[in-house]
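What follows is one structure encoded as structure tokens, with my remarks underneath.
Values reported hereafter were calculated over all heavy atoms of this structure, with side chains retained and with hydrogens, waters and symmetry mates removed.
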Amino acid sequence: MWAGALFAAGALSARAGTLRRLGAAAGLVVAPFALWAFLIHGLFFPEGATVLAAWGPARVTVEGLAYAGAFVLRTAALVGTMLAFSVWADVAVLRAALVRRGVPAPLGYVLASALGLAATVSDRMRRIREAQEARGLVVRPGPGGRVLAARLQAVPLVLALVDEAGERALALDARGQALPGPRTAYVDEPDSAAQRVLRWALVAASAGLVAAALVPGVAHAAAATGGGG
């Protein structure tokens, strides 16, 4: 299931022409989780029985690697799906649609900003890299050079995002974002019959997946309660 979701996100991103942006953004998020998972579960998995290699207390086991691989696949599927939607969706149209359907304006702005965060970070990182290269920063080839360049770009990226957040807060206050009352959106969102059918089909599929995941747990708890009684 997780592999299918990841494949679908990649296929839809390739069709939309955003696969490269999706891969770069997802790699920055998933890579640290993958490193952590294989270090912790791949070397120190307590239930591991099939040992491939051992160095003192650290043991590489088949069970640990399988658990770490499943964890990374699940994380990659969730991150890939969310980022594929955030890169593909038009944030302005989405926010206008949320406001028209009764979602509070501050909540709609927060949701839209969260979905557009990947594109914002990517654009800001590109500007910082171009500015540093213009000032003489030389990125050495290889992973070590990229890691060093990322470390030099991380601090100005965070400072720029914090400063931009403050400026946006002042602009939203000036526009009366927190005031109650109806809102007027000048962006017209397309909503065809096919989109409505797909939207409700996704809602039904999501509800079915949640129910399928909860039913075995409820049945197991009921059986345990009955057996204990």
Side-chain angles (χ1 to χ4, degrees), residues 1-88 114-115 117-118 121-122 125 139-154 157 201-228:
M1 180 181 69
W2 298 111
L6 185 60
F7 177 79
L12 293 175
S13 297
R15 182 177 180 181
T18 59
L19 182 59
R20 185 174 180 180
R21 293 172 58 191
L22 172 64
L28 291 175
V29 177
V30 176
F33 282 96
L35 179 61
W36 170 82
F38 281 104
L39 284 178
I40 300 299
H41 300 295
L43 296 178
F44 303 98
F45 194 67
E47 290 82 6
T50 307
V51 180
L52 301 177
W55 302 277
R59 300 182 308 153
V60 180
T61 62
V62 174
E63 294 80 6
L65 293 177
Y67 186 87
F71 175 80
V72 173
L73 179 60
R74 183 167 61 250
T75 303
L78 293 173
V79 172
T81 303
M82 295 180 63
L83 288 179
F85 178 76
S86 66
V87 172
W88 169 74
L115 290 174
L117 183 61
V121 171
S122 177
M125 181 68 80
V139 180
R140 293 176 297 179
R146 293 190 180 93
V147 170
L148 178 60
R151 183 181 66 83
L152 296 175
Q153 295 165 2
L157 174 64
L202 291 175
V203 171
S206 301
L209 290 175
V210 172
L214 293 178
V215 167
V218 173
H220 180 74
T225 304

*With sequence neighbours left out, which residue pairs that include part of residues 62-84 fulfil the side chain to side chain donor-acceptor pair (under 3.5 Å) condition?*
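Matches after skipping sequence neighbours: Thr50-Glu63.
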
*What are the two closest heavy atoms between Ala68 and Ala37, and how far apart are they?*
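That would be CB-O, 3.6 Å.
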
*asked:* Testing the basics here: between Gly64 and Thr61, what is the closest heavy-atom pair and its distance to 0.1 Å?
replied: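 Scanning both residues, the minimum pair turns out to be N-OG1, 3.0 Å.
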
*What residues form a side-chain contact (heavy atoms from CB on, under 4.5 Å) with Val30, not counting sequence neighbours?*
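Testing Val30 for side-chain contact (heavy atoms from CB on, under 4.5 Å), a comparison that skips the adjacent residues, returns Val72, Ala76, Val79.
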
*Quick one: list whatever passes side-chain contact (heavy atoms from CB on, under 4.5 Å) with Leu39, sequence neighbours left out.*
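Only Leu35, Leu43 meet the side-chain contact (heavy atoms from CB on, under 4.5 Å) criterion with Leu39.
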
_Using side-chain heavy atoms (C-beta onward) and a distance below 4.5 Å, is Phe71 in contact with Phe38?_
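Heavy-atom side-chain distance check fails, nothing below 4.5 Å.
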
